[in-house]
Asker: 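Pasting a structure here, questions to come.
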Amino acid sequence: MAQKVPFVQFNNDLKFPIFGLGTWKSPPGEVTQAVKNAIDAGYRHIDCAHVYGNETEVGAALKEKIQEGVVKREDLYITSKLWNTFHRPDLIEPAIKTTLCNLGLEYLDLYLIHWPQAYKEDEGLFPEKDGKTVYSDVDYVDTWKGMEKLVKKCLTKSIGVSNFNHEQIDRVLAIAEIKPVTNQVECHPYLNQKKLIEYCKSKDIVITAYSPLGSPDRPWAKPGDPQLMDDPKLKEIAQKYGKTTAHILLRYNVQRGLITIPKSVTKSRIEQNIDIFDFELKNEDMECIDTFDCNGRFCHLNWIKDHKYYPFNIEY
Ligand SMILES: NC(=O)C1=CN([C@@H]2O[C@H](COP(=O)(O)OP(=O)(O)OC[C@H]3O[C@@H](n4cnc5c(N)ncnc54)[C@H](OP(=O)(O)O)[C@@H]3O)[C@@H](O)[C@H]2O)C=CC1
Ligand SMILES: CC(=O)C(C)=O
């Protein structure tokens, strides 16, 4: 049976499902079926990005489910993200139009600046020289002004940021006519983002938690790296509740009021992951999980840490 997912309210009064499906690394040949399975299971929020290289295949699933009458467009909440090579103001509208065309949609529900740091334009998605990413010095504050135009043109309902630290959000807020509704960042027990969450809450910005299961399939994972889902302390808590470790990880984020977007292309896991709205973690267990924080960032992109806008060189 399809699960019902609660909504959060954004600072622009629009509502958004607190739970969605991630699509990074979902192979184009598998993502259409994954999104269809997700919609059948009750997912209405799909997290996409141009750089994931699979928006056309995600769009095929949306089209099919709308045509079948399973959902209407207005029941779906689709996020995409502006990639780092398109930060220059004249490239922003063409970028969202490419994404809309790939997804087969007339508007997005949410469009995010994917990262604060820009890369050199016009040389592919990952411009490189001598094995090193080539940067652009476009300031994300100028990019934000371009994002606001997309709302005015009804190309997206809401706009937000991703991977921004609190100083970068402050700079955006200082010039914003339209405030970011969310900051999408990595968040799970090893990196619980307590300070960034408090800061964003004080500005009425909701956190979206990515890699909530520890992103075991990230391309730069090495043998011997910590595996969040294998943590014995989390396994023990899961056993106590008669749930899986994935359930505990996802419930932990949702219970903190964070929008949470696990990725899976496996039908049984897609169904399992959304099944977290019929139990609550006790306060003592939430507090115990809080203590697992160890600044354990899986998606660090530390090979670009010399970029002037690399976000993770300060505490939060
Ligand atoms: N804004 C940004 O910069 C970023 C955004 N994101 C977004 O967040 C989403 C989620 O993060 P992601 O890094 O993909 O990683 P997740 O933490 O969601 O982990 C995904 C992995 O966990 C596996 N998995 C899923 N469910 C279960 C389960 N119940 N039991 C065991 N294994 C499971 C998946 O396998 P399988 O698919 O084989 O089932 C996959 O290998 C991304 O897909 C993307 O949409 C992520 C990183 C950065
Ligand atoms: C997964 C993702 O969104 C990255 C690495 O930018």
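Values below: all heavy atoms of this structure, side chains included; hydrogens, waters and symmetry mates excluded. Ligands are counted one by one from 1 in listed order, and the atoms in each one are counted from 1 as well.
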Asker: If we only count N/O pairs under 3.5 Å, is Y52 in contact with ligand 2?
Answerer: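 Yes: some nitrogen or oxygen of Y52 is under 3.5 Å from one in ligand 2.
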
Asker: Does ligand 1 have any atom that is closer than 4.0 Å to a heavy atom of W115?
Answerer: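 Judged by the 4.0 Å heavy-atom criterion, W115 does count as contacting ligand 1.
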
Asker: Looking only at protein heavy atoms, which one is nearest to atom 6 (O) of ligand 2, and how far off is it?
Answerer: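 Protein heavy atom with the smallest distance to atom 6 (O) of ligand 2: W115 NE1, 2.8 Å.
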
Asker: How close does the nearest protein non-hydrogen atom get to atom 4 (C) of ligand 1, and which residue and atom is it?
Answerer: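 Atom 4 (C) of ligand 1 sits closest to the protein heavy atom Y210 CD2, 3.3 Å.
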
Asker: How close does the nearest protein non-hydrogen atom get to atom 42 (C) of ligand 1, and which residue and atom is it?
Answerer: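 The closest heavy atom on the protein side is W24 CB, 3.6 Å.
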
Asker: Are any of the N/O atoms in P216 less than 3.5 Å from those in ligand 1?
Answerer: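 No, since none of the N or O atoms of P216 sits under 3.5 Å from an N or O of ligand 1.
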
Asker: Does ligand 1 have any atom sitting under 4.0 Å from a heavy atom of H247?
Answerer: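 The answer is no, since H247 has no heavy atom less than 4.0 Å from ligand 1.
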
Asker: What protein heavy atom sits nearest atom 15 (O) of ligand 1, and how far away is it?
Answerer: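 Answer for atom 15 (O) of ligand 1: S215 CA, 3.4 Å.
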
Asker: Suppose we measure from atom 3 (O) of ligand 1 to each protein heavy atom; which comes out shortest, and what is that distance?
Answerer: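 Nearest protein contact, heavy atoms only, for atom 3 (O) of ligand 1 is N163 ND2, 2.9 Å.
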
Asker: Do any nitrogen or oxygen atoms of H114 lie less than 3.5 angstrom from nitrogen or oxygen atoms of ligand 1?
Answerer: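 For ligand 1, there is an N or O atom that lies under 3.5 Å from one belonging to H114.
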
Asker: Of all the atoms in ligand 2, which lie at a distance below 4.0 Å from a heavy atom belonging to H114?
Answerer: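 Taking each heavy atom of H114 in turn, ligand 2 has 2 (C), 3 (O), 4 (C), 6 (O) under 4.0 Å.
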
Asker: Could you identify the single nearest non-hydrogen protein atom to atom 1 (C) of ligand 2 and state the distance to 0.1 Å?
Answerer: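 In this structure, atom 1 (C) of ligand 2 has W24 CD2, 2.9 Å as its nearest protein heavy atom.
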
Asker: Does N273 approach ligand 1 within less than 4.0 angstrom via side chain, backbone, both or neither, non-hydrogen atoms only?
Answerer: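 For N273, only side-chain atoms sit under 4.0 Å from ligand 1.
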
Asker: Atom 11 (O) of ligand 1: which protein heavy atom is closest, and how many Å away?
Answerer: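 Checked against all protein heavy atoms, atom 11 (O) of ligand 1 sits closest to S211 N, 3.1 Å.
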
Asker: What residue and heavy atom of the protein are closest to atom 14 (O) of ligand 1, and at what distance?
Answerer: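 Ranked first by proximity to atom 14 (O) of ligand 1 is K25 NZ, 2.7 Å.
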
Asker: Taking side chain as C-beta onward, heavy atoms only, is K15 less than 4.5 Å from F10?
Answerer: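 Heavy-atom side-chain distance check fails, nothing below 4.5 Å.
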
Asker: Heavy-atom distance to atom 37 (O) of ligand 1: which of R218, K267, Q272, K263 wins?
Answerer: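 Shortest heavy-atom distance from atom 37 (O) of ligand 1: K263.
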
Asker: Got the closest protein heavy atom to atom 23 (C) of ligand 1, with its distance?
Answerer: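 Its nearest protein heavy-atom neighbour is R269 NH1, 3.9 Å.
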
Asker: Taking the six-membered ring for Trp, is the centroid-to-centroid distance between Y252 and H188 below 6.0 Å?
Answerer: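 No, the ring centres sit 6.0 Å or more apart.
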
Asker: Tell me whether I197 is reachable from Y316 by hopping between hydrophobic residues (I, L, V, M, F, W, Y) whose side-chain heavy atoms are closer than 4.5 Å.
Answerer: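 Yes, Y316 connects to I197 through the hydrophobic network.
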
Asker: Using the ring of each side chain (for Trp, its six-membered ring), is W220 parallel, tilted or perpendicular to W24, with breaks at 30° and 60°?
Answerer: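 Correct class here is tilted.
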
Asker: Is it the side chain, the backbone, both or neither of M229 that has a heavy atom closer than 4.0 Å to ligand 1?
Answerer: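 Within the 4.0 Å criterion, M229 contacts ligand 1 through side-chain atoms alone.
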
Asker: So is there a nitrogen or oxygen of V265 less than 3.5 Å from a nitrogen or oxygen in ligand 1?
Answerer: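 Yes; the residue has a nitrogen or oxygen that sits under 3.5 Å from a nitrogen or oxygen of the ligand.
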
Asker: Tell me yes or no: between the side chains of Y190 and D231, is some donor less than 3.5 Å from an acceptor?
Answerer: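 Checked: Y190/D231 side chains pair up, N/O donor to acceptor below 3.5 Å.
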
Asker: Please say whether L213 places an N or O atom under 3.5 Å from an N or O atom belonging to ligand 1.
Answerer: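 Min N/O separation from ligand 1 is below 3.5 Å for L213.
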
Asker: May I ask you to decide if the ring planes of W83 and Y119 are parallel, tilted or perpendicular, using 30° and 60° as cut-offs?
Answerer: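 Because their plane-to-plane angle is over 60°, the rings of W83 and Y119 count as perpendicular.
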
Asker: Within 45° of the axis and under 6.0 Å from the centre of the six-membered ring of Y111, does NZ or CZ of K81 qualify?
Answerer: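 No, K81 does not sit over the ring of Y111.
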
Asker: Could you check whether the rings of Y140 and Y309 sit parallel, tilted or perpendicular, using 30° and 60° as the cut-offs?
Answerer: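 Ring orientation of Y140 relative to Y309: perpendicular.
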
Asker: Will you find, in the side chains of E121 and T85, an N or O donor that is under 3.5 Å from an N or O acceptor?
Answerer: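 Result is no, nothing qualifies.
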
Asker: Please say whether the positively charged group of R73, taken as NZ for Lys or CZ for Arg, lies over the ring of Y107, i.e. under 6.0 angstrom from the six-membered ring centre and within 45 degrees of the axis.
Answerer: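 So R73 does make the cation-pi contact.
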
Asker: Can you find a side-chain donor-acceptor pair between Q168 and H166 that sits under 3.5 Å?
Answerer: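 Per modelled atom types, Q168 and H166 side chains form no pair under 3.5 Å.
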
Asker: What part of P212, side chain from CB on, backbone N/CA/C/O, both or neither, has a heavy atom under 4.0 Å from ligand 1?
Answerer: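 Both of them.
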
Asker: Please say whether more than 12 non-hydrogen atoms of neighbouring residues, nucleotides or ligands are located less than 6.0 Å from CD in E284.
Answerer: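 Yes, CD of E284 has more than 12 neighbouring heavy atoms, counting only those of other groups under 6.0 Å.
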
